[in-house]
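What's counted below: heavy atoms across the whole structure, side chains too, no hydrogens, waters or symmetry copies. Order of the sequence lines sets the chain letters (A, B, ...), proteins ahead of strands, with each chain counted from 1.
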There are 2 protein chains.
Amino acid sequence: MVTIKDISKKCGYSSATVSKALNGGADINQKTVEHILNVAKGMGYFPNAVARALKTNRTYNLGVLFVDKTFSGLAHEYFSSVLNSFKVEAERLGYDITFISRNINRVGMSYLDHCHYRGCDGVVIASIDFSDPDVVELVQSNIPIVTIDHVFNECTSILSDNVQSVKDLVTHVYNKGHRKIAFIHGEDTSVTRKRLGSFHRTCSNLGIDVQSEYLRAAIYHDPKSSGLATRELLALKNRPSCILYPDDFSILGGITEIERAGLSIPEDISIVGYDGIHLSQVLRPRLTTLRQDTEILGREAAAQLVDAIENPKSYIPQQIVVPGTVIAGETVKQLILAGNTHIFPIYASIFKEDINEKSISYCVGSAFAGHFRRIRAGRD
Amino acid sequence: MVTIKDISKKCGYSSATVSKALNGGADINQKTVEHILNVAKGMGYFPNAVARALKTNRTYNLGVLFVDKTFSGLAHEYFSSVLNSFKVEAERLGYDITFISRNINRVGMSYLDHCHYRGCDGVVIASIDFSDPDVVELVQSNIPIVTIDHVFNECTSILSDNVQSVKDLVTHVYNKGHRKIAFIHGEDTSVTRKRLGSFHRTCSNLGIDVQSEYLRAAIYHDPKSSGLATRELLALKNRPSCILYPDDFSILGGITEIERAGLSIPEDISIVGYDGIHLSQVLRPRLTTLRQDTEILGREAAAQLVDAIENPKSYIPQQIVVPGTVIAGETVKQLILAGNTHIFPIYASIFKEDINEKSISYCVGSAFAGHFRRIRAGRD
DNA sequence: TTGTAGGCGTTATCAG
DNA sequence: CTGATAACGCCTACAA
């Protein structure tokens with residue numbers, strides 16, 4: 001491990017001068033800089049992140065906090081996608097990532113403790129019980145935080161547009177002729193509330209009377225609970241013609257249950273997922289679902305977090321809403337209705353596979369402006 | 001951030017004494033220890049990993065190097081499973097993990113540079129082009145390394161039992177009556193060679209003459225290339241009755257191609273995957289495949305790596321072989337043969353869904369002994 | 001423009 | 001048993 005001291009010896013300058021040259025200090029001879037840089041490169045020098053961190057209090061490490069109710073960890077396909085995109089962007093900006101957990105060495109360490117212990121410059125939080133006191137403690141600390149799909153007043157959040165998405169989804173199903181629409185939703189979170197609210201409002205606007213027995217609670221990413229709810233729905237006297245599920249993964253429990261009942265999809269019953277994970281498009285029949293843009297969600301979370309870290313004075317926390325896209329698969333049957341066949345217009349980006357730059361302007365405010373400016377400028 | 005100095009002030013002992021008390025030093029009054037520990041806990045003290053690392057050269061950070069040919073990142077379901085299990089075990093042992101890449105801040109940093117930069121105590125390497133000079137450089141450094149599914153003389157490797165697994169798979173297919181067995185394999189790696197070798201040997205033992213046109217090269221985790229190979233196989237005059245694929249993910253390309261040709265699975269053609277990822281069991285028909293035990297692979301990689309780090313003198317690098325399990329799905333048709341109907345006995349663990357403790361003894365040597373001893377002892 | 005000196009929080013050595 | 005002191009590699013006033 002070659003250090004600054006080694007370089008300093010080799011080229012005759014003091015370690016202070018070397019340090020300045022390496023970090024692009026202003027008050028230093030250009031010629032000297034070049035020389036030192038050459039020697040450093042020749043010796044294969046790389047800074048020691050640990051030593052630098054001790055001095056500067058900046059580790060260039062971002063914490064990632066993710067714990068879902070089913071403890072899927074990295075096996076959670078939706079989260080893995082978001083995280084991967086987060087990671088790629090973070091690395092591009094010069095940061096590594098560290099998973100935050102409470103299980104390090106089995107010591108009773110809170111999330112905040114772990115962050116301090118590792119000196120995370122910032123933390124992204126996703127898919128967790130946001131009412132957990134440990135999470136609250138972390139959010140209220142002075143570490144920059146970005147949350148995904150949950151809003152805290154104090155910090156930036158990246159939000160999938162759940163309201164619009166559920167509206168699109170319900171409208172899509174409605175346009176296919178469905179009126180008896182059931183909704184199996186996940187556990188009580190702000191996301192669930194938004195989806196439920198949007199479900200009610202959209203139905204109401206479309207003139208559908210929502211039956212309370214069509215609403216069932218399950219758990220996200222848990223096929224078993226969705227399967228159970230499905231069984232209950234199938235047992236109803238007046239059973240729904242279409243069921244919306246919490247996500248593409250838990251819908252598997254529903255499919256199993258429907259098959260077990262001897263029904264076929266979509267002939268006997270239509271189903272709709274959520275997330276648009278890869279799995280949803282390799283199932284047969286291909287799932288009708290809502291694709292959340294994990295690419296943008298992750299990337300933007302990283303970009304915002306780094307922005308907040310590097311510009312603590314001028315950074316303004318904000319809510320960034322990322323639109324989703326209905327993917328019209330093969331699991332919603334076209335029903336022939338006696339009367340009303342009016343087709344309702346729906347969201348502009350619907351049916352489009354990819355979000356292009358245009359659709360990004362759907363985002364609230366000009367959240368992306370800075371981001372794209374940064375990318376174009378090729379910051380380093 | 002409360003430091004040792006704060007504690008030292010508060011309870012009147014020097015920082016040296018406090019440090020010793022905190023780290024369980026030997027030559028120190030038990031009463032003093034208790035007192036200091038109390039005060040520390042009261043003040044909510046947690047050590048600063050960065051400062052400690054600078055002094056001790058131990059970061060309690062494990063590097064993870066994973067780059068597959070299709071750049072799937074964390075979206076690679078098989079690897080995600082291994083990694084998740086690796087992560088859980090690492091955390092249990094007091095380590096965090098850091099992803100190693102070459103893209104940090106877009107500086108030209110080799111893998112080894114990144115490891116040094118972050119001061120990784122050890123590195124696990126998986127699913128990468130092991131002939132990459134950067135990888136070789138890393139392996140030849142003095143950082144403890146554990147590789148997954150590749151053997152370097154100098155370091156421990158955790159190996160899925162490819163030879164036995166392919167033998168089991170081919171025998172299974174043979175027992176179902178198949179004689180015209182094609183094999184689409186991944187790019188040239190040591191794993192591929194083992195699988196190919198085992199394929200040839202098993203066929204030979206079973207009296208099958210392997211047609212060279214039945215062997216096709218594709219790329220792991222790349223549905224497109226497997227699709228292409230499938231198309232070629234289907235176009236053969238004497239087409240195979242069963243195709244083995246590189247993995248469960250790339251088999252999707254094969255399925256698409258088979259459907260496109262108007263053939264049905266398994267009626268017209270049988271197919272077999274590899275890995276046993278979750279996806280394979282939610283497809284319809286359910287895939288016949290080989291389940292690799294990602295749980296054990298990841299856990300053991302972490303356990304071995306930490307062992308190597310913490311006992312540099314006594315640690316002996318070794319190869320640990322983890323058995324796989326044939327999962328009999330619905331994609332291999334039972335053929336009725338005119339003559340020979342002898343059923344060959346196959347691997348003991350075949351058809352079992354879960355590896356239980358007994359089957360662990362299949363592992364080469366007593367690799368697990370230390371591991372389980374450690375777990376039972378509840379080390380901390 | 002360059003160099004000196006001190007300190008970030010921790011641990012290790014060695015003397016008291 | 002306890003404490004003073006130095007050092008890990010780097011950065012940064014401040015002095016030269």
Side-chain angles (χ1 to χ4, degrees), chain A residues 1-37 39-40 43-61 94 105 113-121 310, chain B residues 1-37 39-40 43-61 94 105 113-121 310:
Chain A
M1 289 301 323
V2 30
T3 73
I4 281 191
K5 210 186 260 172
D6 298 328
I7 300 178
S8 124
K9 265 182 208 143
K10 186 131 187 178
C11 60
Y13 288 99
S14 76
S15 62
T17 306
V18 173
S19 173
K20 272 182 231 165
L22 255 24
N23 295 303
D27 51 351
I28 184 166
N29 188 314
Q30 192 51 38
K31 211 89 194 264
T32 314
V33 172
E34 278 170 32
H35 178 227
I36 291 176
L37 253 42
V39 174
M43 298 177 75
Y45 171 80
F46 267 97
N48 179 324
V50 165
R52 184 213 272 147
L54 183 59
K55 181 67 190 174
T56 62
N57 252 327
R58 297 270 282 101
T59 57
Y60 288 88
N61 235 314
N105 220 353
D113 289 336
H114 194 177
C115 290
H116 279 149
Y117 171 67
R118 282 297 176 191
C120 297
D121 293 335
E310 300 188 347
Chain B
M1 289 299 324
V2 29
T3 72
I4 282 191
K5 213 184 256 172
D6 298 328
I7 301 177
S8 124
K9 264 181 208 145
K10 186 134 187 174
C11 60
Y13 289 98
S14 75
S15 60
T17 305
V18 173
S19 174
K20 268 183 234 164
L22 255 23
N23 295 302
D27 51 348
I28 182 167
N29 189 314
Q30 192 52 37
K31 212 94 192 260
T32 314
V33 171
E34 277 168 34
H35 179 226
I36 290 176
L37 253 40
V39 174
M43 300 176 75
Y45 171 80
F46 266 96
N48 179 324
V50 166
R52 183 207 273 151
L54 182 60
K55 181 67 189 171
T56 61
N57 251 327
R58 297 269 283 104
T59 57
Y60 288 88
N61 235 314
N105 220 354
D113 288 336
H114 194 178
C115 290
H116 278 149
Y117 170 67
R118 282 298 175 192
C120 296
D121 293 337
E310 300 188 346

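- Considering only residues two or more places apart in sequence or on other chains, A16(A) meets the side chain to side chain contact (heavy atoms under 4.5 Å, CB included) condition with S14(A).
- Scored by the side chain to side chain contact (heavy atoms under 4.5 Å, CB included) test, K10(B) finds V39(B), M43(B) as partners (sequence neighbours excluded).
- Applying the ring pair (Phe, Tyr, Trp, His ring centres under 6.0 Å) test to Y60(B) and every residue at least two apart in sequence or in another chain returns Y95(B).
- In this structure M1(A) satisfies the side chain to side chain contact (heavy atoms under 4.5 Å, CB included) test together with H116(B), sequence neighbours excluded.
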Enumerate all atom pairs, one protein N or O and one N or O from nucleotides 7-9 of chain C, separated by less than 3.5 Å.
| unit_1 | atom_1 | unit_2 | atom_2 | d |
| --- | --- | --- | --- | --- |
| dG7(C) | N2 | K55(A) | NZ | 3.4 |
| dG9(C) | N2 | A51(B) | O | 3.4 |

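- Taking a 4.0 Å limit (strictly below) on heavy-atom distances, residues 11-21 of chain A reaches DNA chain C at G12(A), Y13(A), S14(A), A16(A), T17(A), K20(A).
- Remark: S15(B) pairs with I4(B), S8(B) by the side chain to side chain contact (heavy atoms under 4.5 Å, CB included) rule, at least two apart or across chains.
- If one axis is set at each end of the helix from dT1(C)-dA16(D) to dG16(C)-dC1(D) from five pairs, those axes are 50° apart, to 10°.
- Listed by chain and number, the residues in a salt bridge (Lys or Arg N to Asp or Glu O under 4.0 Å) with D113(B) amount to none (sequence neighbours excluded).
- Under the side chain to side chain donor-acceptor pair (under 3.5 Å) criterion, T56(A) pairs with no residue, sequence neighbours left out.
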Under 3.5 Å, side-chain donor or acceptor atoms of residues 22-29 of chain A against the rest of the protein: list the pairs with distances, not counting sequence neighbours.
| unit_1 | atom_1 | unit_2 | atom_2 | d |
| --- | --- | --- | --- | --- |
| N23(A) | ND2 | S19(A) | O | 2.9 |
| N23(A) | ND2 | S19(A) | OG | 3.4 |
| N29(A) | OD1 | K31(A) | N | 2.6 |

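- Among residues two or more places apart in sequence or in another chain, the side chain to side chain donor-acceptor pair (under 3.5 Å) test is passed with N48(A) by none.
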